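Reading through the structure tokens given below for one structure.
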Amino acid sequence: MKKKYFITTAIPYVNARPHIGFALEIIQADVLARYHRIIGDDVRFLTGTDENSLKNVQAAEKEGISPQELCDKNAENFKYLKEVLNLSFDDFIRTTDKKHIAGAQKLWQACKKEDIYKKKYSGYYCVGCESFYMKKDLVDGLCPEHKTKPEVVKEENYFFKLSLYQNKLKRLIESGELDIVPKERKHEVLSFIEQGLQDFSISRSAKRAKGWGIPVPGDEKQIMYVWFDALSNYITALDYAGDQKLFKKYWPADVHAIGKGIIRFHAVYWPAMLLSAGLPLPKRIFVHGYVNVGGEKMSKSIGNVVDPVEMVEDYGTDALRYYLLREIPPTGDGDFKIEHFVQRYNADLANDLGNLVSRVANMVDRFFHGNLPEVEVETDYDLERINLLISQFRFNEALEHIYKIVKSANQCVEEEKPWELFAVKNIDKLAKVLTKLVVTIKDIALILEPFMPETSQEISEHFNKKKISKIDPLFPRIL
RNA sequence: CGCGGGGUAGAGCAGUGGCAGCUCGGCUGGCUCAUAACCAGCAGGUCGGUGGUUCGACUCCACCCCCCGCAACCA
């Protein structure tokens with residue numbers, strides 16, 4: 001019986017194009033998914049889009065189309081990442097999908113009756129922003145965006161009794177039953193819980209949401225708070241509201257991959273919702289950091305948003321995958337700089353790996369006309385170590401380790417000097433040396449598969465041919 | 001005292017109670033199979049500051065300074 005492995009990413013809003021930060025998240029998840037398939041697990045890898053936001057209504061109005069049309073159009077930008085980034089996700093959930101809407105409502109109803117209650121709420125509401133502000137966020141009592149005086153709006157919403165779950169959540173997280181990686185994030189969540197959990201609003205008035213969103217079951221004047229809606233995607237995608245075949249097979253999630261900005265929703269709200277509904281909790285939450293650009297936070301107003309699609313058009317999928325996985329620390333913040341990208345590309349991909357492959361292919365071609373005699377060789381590198389690092393989410397270190405093997409292969413060429421062996425006609429030794437190099441390259445290709453699937457396949461195919469010919473540069477240098 | 005992360009070579013980053021390390025860049029050699037690639041070596045650091053624990057602190061503790069996120073709908 002195969003072990004199942006269910007991994008998810010967060011579902012981003014569709015009102016902006018995918019940026020490099022989300023690319024990091026989904027690529028990390030892809031590495032895990034691919035790795036677990038290789039070790040024989042029954043993998044399901046889910047991603048999708050969060051579409052029930054008021055912003056979509058506003059943007060659609062501007063373009064003169066319906067919110068659904070806008071979402072349909074924008075969701076394509078995210079689905080398209082599958083080709084652009086060579087991702088292996090099996091399912092793509094949209095929060096406007098029928099099965100999602102039904103599932104979110106089912107989850108709402110599955111929550112304990114006493115956990116959901118109505119409460120009057122008042123706040124400062126800016127008509128321009130169509131959102132509430134806390135008093136402390138106002139500038140001289142005015143909306144920071146529109147500089148207008150917000151209305152004091154009183155509204156009755158549904159609340160979730162999060163406070164009830166404080167101790168239970170603390171216990172589950174402390175014990176690691178709900179594991180949060182890395183430890184710093186776990187401590188952060190625990191310290192947040194210890195400060196005391198407040199009940200949170202899980203609905204808003206349908207009028208204020210302009211009717212866009214998932215209606216609260218039994219009360220069409222209210223729609224669900226987007227987080228209640230969005231979080232449920234992890235089970236609605238598994239047909240939680242349908243035949244539950246997938247749900248029974250794959251839930252609970254083995255890993256939720258998320259960014260540090262939404263950890264509270266995943267580590268506190270979501271488990272509490274599941275507890276209330278009597279459903280199993282995810283096993284692990286993997287929290288990555290943010291990708292800054294040139295030392296600054298990526299933002300539209302600064303205009304420094306990096307588009308992964310453009311990067312791939314310019315440099316290729318595997319180059320981007322490699323850079324993000326190697327250069328950005330898996331759980332800390334990283335800095336994206338095109339100069340560093342070029343440096344990594346030239347040094348690691350072109351000079352070390354690409355050139356190794358070229359020189360070895362060329363020597364086999366030149367010295368043996370592509371036909372290596374069969375010889376036994378031994379290798380001495382530790383591939384298990386790399387698997388361990390991947391399973392611990394240490395992608396950068398795993399790649400570093402792989403590159404030690406690449407480096408040692410290049411050293412081996414220098415030490416053995418195959419061209420000299422050829423010159424003195426020491427063919428036995430020459431065959432051994434080149435065979436060892438070919439075996440090493442094939443192993444490198446295999447172990448690289450989760451990180452750079454296309455490159456891995458290209459190398460494997462070339463070196464598994466009966467006749468090994470010269471090969472075109474895998475990564476031409478960027479000048 | 002709101003929460004969290006960080007300060008190590010020119011740049012980017014690892015790191016561990018016991019000689020400070022990696023990559024890039026710079027310099028010097030070697031090699032010619034290869035994508036002007038590869039290999040060896042050299043230069044470059046008071047490991048943010050102060051105090052403490054210790055035979056010994058970059059590492060542990062305390063305090064301080066500086067940078068960066070978050071502070072309840074941003075991956």
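Bear in mind that the values here come from a model prediction, so they are computed numbers and not experimental data. Every chain is numbered from 1, with letters handed out A, B, ... down the list of sequences.
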- From A/R321 CZ over to A/F451 CZ, what is the distance, rounded to the nearest 0.5 angstrom? 9.5 Å
- Message: What contact category does A/G259 fall into here, base, sugar-phosphate, or nothing, at under 4.0 angstrom with non-hydrogen atoms?
- Response: sugar-phosphate
- Task: For A/V291, answer base if it contacts any base atom (sugar-phosphate contacts may also be present), sugar-phosphate if it contacts only those atoms, and nothing otherwise; contact means non-hydrogen atoms under 4.0 Å.
- Result: base
- Query: Which listed nucleotide (B/C38, B/C74, B/G4) is nearest to the side chain of A/R185?
  - Reply: B/G4
- Choose from B/C24, B/A75, B/C73 the nucleotide whose nearest atom is closest to any side-chain atom of A/Y13. B/C73
- Message: Could you tell me how far apart A/N351 (CG) and B/A37 (C1') are, to the nearest whole angstrom?
- Response: 5 Å
- Query: With a 4.0 Å cut-off, would you call A/E416 and A/K432 a salt bridge?
  - Reply: no
- Which of B/G12, B/A75, B/U35 is nearest the side chain of A/L474? It is B/U35
- With both distances kept under 3.5 Å, what pairs with B/G10, Watson-Crick or G-U wobble? B/C24
- In terms of ring plane angle, is the pair A/F160 and A/F200 parallel, tilted or perpendicular, where the classes change at 30° and 60°? tilted
- Message: With hydrogens left out and only the distance checked, is there a donor-acceptor pair under 3.5 Å joining A/N355's side chain and the base of B/A34?
- Response: yes
- A/R477 atom CZ is separated from B/C24 atom P, nearest whole Å, by 11 Å
- To the nearest angstrom, the CH2-P distance between A/W227 and B/C73 comes to 10 Å
- Message: Would you say A/Q457 and A/E461 are linked by a side-chain donor-acceptor pair, where the criterion is simply a distance under 3.5 Å?
- Response: yes
- Query: Is the distance between the ring centroids of A/F92 and A/F78 under 6.0 Å?
  - Reply: no
- How is A/N396 classified with respect to the nucleic acid when contacts are heavy atoms under 4.0 Å: base, sugar-phosphate, or nothing? nothing
- Item | Atom-to-atom span, CG of A/L169 to P of B/A72 - whole angstrom | 20 Å
- Message: Could you tell me how far B/G26 sits from B/G7 if I compare only their P atoms? Round to whole Å.
- Response: 27 Å
- For B/G44 and B/C38, measure between their C1' atoms and round to the nearest Å. 24 Å
- Message: Can you identify which nucleotide, out of B/C24, B/C3, B/C73, has its nearest atom closest to the A/R204 side chain?
- Response: B/C73
- Item | Length of the CG-P vector between A/N362 and B/C31, whole Å | 20 Å
- Task: Scan every strand shown for a Watson-Crick or G-U wobble partner of B/C55, both distances under 3.5 Å, and answer none if you come up empty.
- Result: B/G18
- Item | Test of ring centre spacing under 6.0 Å for A/Y403 and A/Y322 | yes
- Query: What integer distance in Å separates A/F192:CZ from B/G5:P?
  - Reply: 16 Å
- Item | Identity of whatever pairs with B/A72 - Watson-Crick or G-U, under 3.5 angstrom | none
- Query: Name the one of A/N233, A/D229, A/N52 that satisfies side-chain hydrogen bond (donor to acceptor under 3.5 Å, both in side chains) with A/H100?
  - Reply: A/D229
- Message: On the six-membered ring of A/Y381, is A/K404 placed so that its NZ or CZ lies under 6.0 angstrom from the centre and within 45° of the ring axis?
- Response: no
- Message: Give me the distance, rounded to whole Å, that separates B/G15 from B/C3 when you measure between the C1' atoms they each carry.
- Response: 27 Å
- When all nucleic acid strands are considered with a 4.0 Å heavy-atom cut-off, which category describes A/A350: base, sugar-phosphate, or nothing? base
- Query: For B/A37, what is the paired nucleotide under Watson-Crick or G-U wobble rules, both distances under 3.5 Å?
  - Reply: none
- For nucleotides B/U16 and B/C47, find the distance between their C1' atoms and express it as a whole number of Å. 12 Å
- Return the value, rounded to whole Å, for the distance between atom CG of A/D335 and atom C1' of B/G69. 13 Å
- Message: Looking at B/C73, I'd like to know if its phosphate oxygens (OP1 or OP2) sit under 4.0 Å from a side-chain N or O belonging to A/R264.
- Response: no
- Message: Heavy atoms only, 4.0 Å cut-off, all strands: where does A/F475 land among base, sugar-phosphate and nothing?
- Response: base
- Message: With rounding to the closest Å, how many angstrom separate the P atoms on B/C58 and B/U23?
- Response: 24 Å
- Task: Calculate the interatomic distance between A/F336 atom CZ and B/A75 atom P; express it in whole Å.
- Result: 19 Å
- P-based separation of B/U53 from B/A75 [nearest Å]: 50 Å
- Task: Determine the Euclidean distance between corresponding P atoms of B/A71 and B/G10; express it in Å to zero decimal places.
- Result: 36 Å
- Query: With sugar-phosphate meaning primed atoms plus P, OP1 and OP2, does A/E327 contact a base, only sugar-phosphate, or nothing at under 4.0 Å between heavy atoms?
  - Reply: sugar-phosphate
- Query: At under 4.0 Å between heavy atoms, what does A/K417 touch on the DNA or RNA strands: base, sugar-phosphate, or nothing?
  - Reply: nothing
- Query: According to a strict under-4.0 Å criterion, is A/K407 in side-chain N/O contact with OP1 or OP2 of B/C39?
  - Reply: yes
- A/A347 side chain, from C-beta outward: closest of B/C24, B/U32, B/A34: B/C24
- Separation between the P atoms of B/G49 and B/C74, rounded to whole Å: 39 Å
